[in-house]
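Here is how names work: the chains are called A, B, and so on, in the same order as the sequence lines, proteins then strands, and each is numbered from 1. All figures in this text were calculated on a predicted structure; none of them were measured in a lab.
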Amino acid sequence: MLLSVCLIARDEEQFLAGCLESVLPVADEIVIVDTGSSDRTVEIAESLGCRVVHRPWDDDFSAARNAGIAVARGRWILCMDADERLCDPAALTPALLAASPEVGGFFIERHDLVTRFAEGESDVYPIGILRLFRNHPAIRYEGIVHERPNETIARAGFEVRGLATLKLIHLVSHLPQERLIAKQQGYLRLLDQELKRDAGNSWARYYRGKTLWFLGRRDEAEAEFRGVVKNAGAPVPLRASAGCMLAALLSETGRRGEAVRCIGESLALVPGQSLAYYVLAETLYADGHFDHALAAYLRVRISMDPDAGMSALPGDLCMTLEKRAYKLGCCHLALGDLAAAEEWFQSGLDAGPDHGGCHYGLARIALLRGDRAGARERLEEVLRHDPLWTAPRELLAELAQQDRPPALTAPSPAPSPPAGPQTPRSRPTGSAGAGSR
Amino acid sequence: MKKAQDAMKPIDPAMLAKILGAVPSSRDDRGQGVVIPQARFESFFHS
């Protein structure tokens with residue numbers, strides 16, 4: 001048996017079937033550890049032929065994951081969550097069959113699909129994640145939350161490689177904000193438990209920083225990231241990733257000079273990473289250094305590029321072709337080079353015709369060229385793909401307002417009033433009036 | 001106070017050159033065009 005797909009689940013009836021259907025073509029078996037579902041999770045799993053292990057939830061994600069791995073029979077394990085989907089599964093089997101004996105695991109890409117709360121713009125964040133590894137007694141998950149097998153693979157004497165032809169889609173944006181916040185609050189509670197047992201656990205410190213930032217506790221998050229960066233005993237890739245997180249946080253709070261210094265330090269720790277260049281590019285763009293931002297965006301690894309190599313940096317980030325084209329188009333637009341901007345936005349749409357950002361960029365160019373009808377068409381296209389994004393919605397409303405025909409003069413129903421001092425006409429009221437302006 | 005001082009520190013061109021190498025440009029880096037605001041970093045932290 002080549003591949004066991006292992007999941008842990010509780011009350012995942014909304015997402016589970018989609019996940020299982022995505023792996024059925026390649027999984028020799030699917031093992032689900034159910035930690036106490038009260039919905040149809042188990043029924044769905046069994047109907048699709050999964051082996052279900054029942055295990056009470058005991059505040060330990062690793063223990064639950066390891067319970068599934070312990071009964072898995074495949075030579076390789078792919079761990080997933082119910083809100084993830086495996087794309088291009090055909091790439092998986094050949095890669096596993098070709099793996100040399102020293103390879104213990106693979107980083108694969110997970111594409112987090114998000115919608116930003118404030119702006120409503122959707123986005124995709126592809127990160128490298130270690131989810132595919134050998135079924136070996138020494139390879140197990142560690143950490144009661146944000147569990148990972150990374151270090152046990154190294155301790156077992158194996159190497160980890162990148163497999164950039166395999167992609168998981170993570171449906172983050174399908175969860176409402178309240179549930180995301182509740183999830184993060186749950187993670188924080190577990191991270192605090194973990195740190196109570198082992199205050200020097202740098203993984204827990206790193207993830208605590210991320211969670212605190214998500215929850216808006218920026219000062220505490222900053223302190224956690226700084227602690228990991230300075231901790232010479234922490235794994236180097238983790239320190240480098242914490243340096244990027246710190247840089248992003250500093251950048252977001254306006255301290256961009258210090259952010260760039262942190263990025264330099266992170267790159268000195270792990271030179272081959274992509275995340276640092278992404279944070280740098282966003283920082284430079286925010287600071288108005290558009291030509292330098294261009295150079296930085298061009299150094300970010302392209303998603304699903306098997307030749308680019310994936311680093312061991314936790315959460316190393318890359319960009320889809322269309323997202324990079326959008327960012328480069330934005331840089332050229334800011335520099336006033338409309339022709340180059342147009343070329344990038346158009347190439348982004350060649351790679352991903354649904355990319356709302358590229359349509360928005362082309363709308364802005366159309367507007368600059370005085371093509372208001374073209375701009376409106378593009379903006380409508382943006383909203384078809386990205387209906388919650390406020391900026392194009394507002395721009396479209398503004399254009400519609402400006403392009404409305406002048407107010408019609410109501411026909412006079414009665415003879416002209418007698419001559420006398422003119423008084424301002426009363427404002428129209430009601431829906432007809434509001435629409436006639 | 002420290003934060004306020006940090007916020008005032010501009011991006012160091014030497015550090016930038018160290019990271020990116022020389023960026024050949026005849027243009028004004030600050031640009032004169034339309035700026036579409038880009039993502040905020042919170043989006044990293046959904047999982």
Please check this pair: side chain of Arg261(A) against backbone of Met15(B), looking for a donor-acceptor N/O pair closer than 3.5 Å.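 Looks like no, no N/O pair under 3.5 Å.
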
Look only at the side chain of Tyr285(A) and the backbone of Ile36(B), and say whether a donor-acceptor pair between them is shorter than 3.5 Å.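 Side chain of Tyr285(A) to backbone of Ile36(B): a pair is present.
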
In chain order, what residues pass the salt bridge (Lys or Arg N to Asp or Glu O under 4.0 Å) check against [X], with sequence neighbours excluded?
X: Arg364(A); result: none
X: Arg148(A); result: none
X: Glu109(A); result: Arg301(A)

Are Gln32(B) and Phe290(A) side-chain neighbours, meaning at least one heavy-atom pair lies under 4.5 Å?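 No, side chains not in contact.
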
Do Ile365(A) and Val34(B) make a side-chain contact, defined as non-hydrogen atoms from C-beta onward lying under 4.5 Å apart?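 Heavy-atom side-chain distance check fails, nothing below 4.5 Å.
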
Chain B heavy atoms under 4.5 Å from [X]: which part of the residue, side chain, backbone, both or neither?
X: Leu333(A); answer: both
X: Ala296(A); answer: both
X: Leu294(A); answer: side chain

Show, in sequence, the C-alpha distance, side-chain angles and deciding distance for Thr253(A) and Phe41(B), and conclude whether the side-chain contact (heavy atoms from CB on, under 4.5 Å) test is met. CA-CA 10 Å; Thr253(A) 49; Phe41(B) 287 112; over 6 Å; no

Checking side-chain contact (heavy atoms from CB on, under 4.5 Å) for the pair Asp12(B)/Glu258(A): CA distance, chi angles, key distance, verdict? CA-CA 9 Å; Asp12(B) 176 10; Glu258(A) 199 189 350; over 6 Å; no

Taking all non-hydrogen atoms of both residues into account, name the closest pair between Gly21(B) and Arg299(A) and its distance.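 Residues Gly21(B) and Arg299(A), closest heavy atoms: N-NH2, 4.4 Å.
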
Could you measure the distance from the CG atom of Leu20(B) to the NE2 atom of His292(A)? Nearest 0.5 Å is fine. 6.5 Å

When rounded to the nearest 0.5 Å, the distance separating CD1 of Ile11(B) from OG of Ser251(A) is 7.5 Å

Sub-4.5 Å heavy-atom contacts with chain B: which residues of residues 334-342 of chain A show up? Ala334(A), Leu335(A), Gly336(A), Asp337(A)

